[in-house]
Number of protein chains: 2
Amino acid sequence: MGYERFIGQVEDGYAYLTEDELKHAKVKRVKTGDRIEINDLKGNVYLTEVLEITKRYIKCRIIEKIKVEEEDFRITLYQCMPNQLSKIDDIIEGVSQLGVYRFVPVISERSAVKTKDVLKKIKKWEKKALNSIKQCKRLYPVIIENPVKLEDIKSDDEGKFVFYEKEEKRTVKEFLDKKLKNVSVVIGPEGGFTEGEIKILQDKGFIPLTMGKNILRMETAVITGICQIRFLFD
Amino acid sequence: MGYERFIGQVEDGYAYLTEDELKHAKVKRVKTGDRIEINDLKGNVYLTEVLEITKRYIKCRIIEKIKVEEEDFRITLYQCMPNQLSKIDDIIEGVSQLGVYRFVPVISERSAVKTKDVLKKIKKWEKKALNSIKQCKRLYPVIIENPVKLEDIKSDDEGKFVFYEKEEKRTVKEFLDKKLKNVSVVIGPEGGFTEGEIKILQDKGFIPLTMGKNILRMETAVITGICQIRFLFD
């Protein structure tokens with residue numbers, strides 16, 4: 001199923017793995033002469049051949065540039081924080097694999113976490129996002145933003161939606177023919193939104209949608225929500 | 001957000017919680033006079049009032065029968081087993097919450113697990129399924145079947161699909177206007193299907209679909225797959 005992919009830097013026509021990626025390649029038992037793929041995080045992926053393995057780096061010869069298709073739609077996920085932030089640890093990978101472009105942690109009324117708790121987590125989430133792109137072959141990891149308060153959400157995207165447990169009828173199906181190129185979606189915390197919060201979001205242009213009748217646990221709800229939004233693209 | 005829901009039995013006009021559900025109610029600090037909902041697993045849910053709490057049972061007066069809507073479509077999920085069966089532990093809840101009717105573990109070429117390993121897990125999965133319906137308000141838990149070999153899959157459903165990593169174009173969107181009432185869907189193991197397996201499934205009438213371009217980890221793929229199939233219903 002293709003070559004192992006790593007994240008590296010290109011300098012003077014060669015590609016290098018250093019630090020974490022060097023360690024990672026050694027764990028994966030990469031040897032001189034092996035072929036590996038290297039993503040430079042600047043929009044390029046190269047097929048390379050390992051030339052030299054030292055304590056500080058792995059040096060690779062670039063064989064060719066690999067054609068990669070990036071999706072041409074952008075989802076920004078405004079995710080209200082659960083009380084247990086470790087639940088987010090578990091969904092970042094799925095969020096990234098489903099092609100979410102930006103992930104914005106949201107502080108809402110019914111979540112007990114504070115901005116500073118979320119800030120402490122961001123490094124970890126960024127690392128998870130970075131690791132996941134090697135597996136799912138995205139070019140860039142999902143961008144993890146600093147947390148915002150629900151009332152400070154601001155989006156100019158063509159589509160703006162909020163999954164709301166009290167919305168009974170409207171589903172994404174109503175918007176299938178809109179050919180949207182960018183969408184912002186707000187997903188609530190486990191306790192749901194207050195009516196005041198929905199009012200605030202509606203004033204900002206967010207349209208309430210239902211995910212379906214059943215009550216989903218948070219991890220399932222997030223993946224389901226993104227999956228439904230993806231239907232708006234092709 | 002409504003009353004706590006338990007699973008119980010109705011006898012002589014009263015509803016009873018026993019054994020695990022009795023323990024569970026005590027953990028939840030249910031008291032005499034409290035209102036709780038009781039699902040009898042025979043298609044009925046009752047609003048009740050707790051009359052008596054003993055060591056062996058909790059006895060409740062039935063106040064009224066609650067109207068519950070069951071979904072009128074049926075998804076059978078044929079899930080190829082991963083090498084780590086504990087990954088299934090983590091998805092049963094989501095599978096149940098997304099309204100899957102039957103879950104059939106499948107032994108395929110690229111999974112190292114054996115039928116007997118899967119059989120050992122079924123009790124645990126059934127328990128997880130049963131617990132999840134209290135939260136998501138389904139009437140019945142997802143039915144967990146005994147494992148079958150891929151070549152022995154047999155389905156008469158109106159829609160038969162298999163998510164296949166080498167299928168590039170066809171998505172569920174092509175089938176949106178079919179008004180299907182029951183669908184069987186096969187989701188592969190982590191290593192994917194062999195070409196021989198896809199041939200076998202196609203001969204049985206299963207249509208290969210793509211989930212999208214990115215490679216998803218198993219947990220995300222299963223939820224995404226079910227979510228896409230649900231789009232076929234209303």
Side-chain angles (χ1 to χ4, degrees), chain A residues 1-2 5 68-73 90-100 110 128 131-139 142 165-166 168-169 171-174 176-177 190-192 210-234, chain B residues 1-2 5 68-73 90-100 110 128 131-139 142 165-166 168-169 171-173 176-177 190-193 210-234:
Chain A
M1 314 273 287
R5 187 173 290 185
V68 270
E69 289 170 71
E70 260 304 71
E71 283 169 327
D72 59 348
F73 61 81
D90 296 335
I91 59 168
I92 284 291
E93 203 178 338
V95 163
S96 171
Q97 289 173 350
L98 285 171
V100 170
R110 290 190 185 143
K128 277 186 177 282
N131 273 323
S132 77
I133 66 164
K134 290 182 261 177
Q135 199 196 337
C136 75
K137 310 258 157 166
R138 274 181 74 165
L139 269 182
V142 53
E165 62 283 3
K166 288 188 183 156
E168 292 188 344
K169 284 215 176 128
T171 71
V172 283
K173 279 193 181 175
E174 276 188 33
L176 285 185
D177 55 351
E190 287 155 310
T210 174
M211 255 187 221
K213 276 185 298 197
N214 285 336
I215 298 160
L216 306 174
R217 71 168 175 161
M218 190 191 159
E219 297 88 321
T220 309
V222 175
I223 302 302
T224 304
I226 299 167
C227 167
Q228 294 195 1
I229 292 297
R230 281 176 62 93
F231 260 83
L232 295 171
F233 308 116
D234 206 25
Chain B
M1 314 273 285
R5 187 173 290 184
V68 269
E69 287 171 71
E70 259 306 70
E71 283 169 329
D72 59 349
F73 62 82
D90 295 335
I91 59 169
I92 283 291
E93 203 179 338
V95 163
S96 171
Q97 289 173 352
L98 285 171
V100 170
R110 289 190 185 143
K128 277 186 177 281
N131 273 322
S132 76
I133 65 163
K134 291 181 262 178
Q135 199 196 338
C136 76
K137 309 260 158 167
R138 272 182 76 163
L139 269 183
V142 54
E165 62 281 5
K166 288 188 184 158
E168 291 189 343
K169 284 217 175 126
T171 71
V172 283
K173 279 192 181 175
L176 285 185
D177 54 351
E190 286 155 311
F193 296 104
T210 174
M211 254 186 219
K213 276 184 298 196
N214 284 336
I215 297 161
L216 306 175
R217 71 168 174 160
M218 190 193 160
E219 297 89 320
T220 309
V222 175
I223 301 303
T224 304
I226 300 167
C227 167
Q228 293 195 1
I229 292 297
R230 281 176 62 93
F231 261 83
L232 295 172
F233 309 116
D234 206 27

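Letters go in sequence order (proteins before strands), and every chain restarts at 1. Values in this document were obtained by computation on a predicted structure and should not be read as measured data. Any value given below was found using the heavy atoms of this structure, including those in side chains, with hydrogens, waters and symmetry copies removed.
- With a 4.5 angstrom heavy-atom cutoff, Val172(B) touches chain A only via side-chain atoms.
- Using a 4.5 Å cut-off between heavy atoms, Glu219(B) makes no contact with chain A at all.
- Asp90(A) meets the side-chain hydrogen bond (donor to acceptor under 3.5 Å, both in side chains) test with no other residue; sequence neighbours excluded.
- In terms of heavy atoms, Arg217(A) sits closest to Gln97(B) at N-OE1, 2.7 Å.
- In this structure, the portion of Leu176(B) lying under 4.5 Å from any heavy atom of chain A is its side chain and not its backbone.
- The two residues Gln228(A) and Cys227(B) make their nearest non-hydrogen contact at CG-SG, 3.9 Å.
- Scored by the side-chain hydrogen bond (donor to acceptor under 3.5 Å, both in side chains) test, Arg5(A) finds Glu37(A) as partners (sequence neighbours excluded).
- With chain A as the partner, the residue from Val95(B), Ile226(B), Leu98(B) showing the most heavy-atom pairs under 4.5 Å is Leu98(B).
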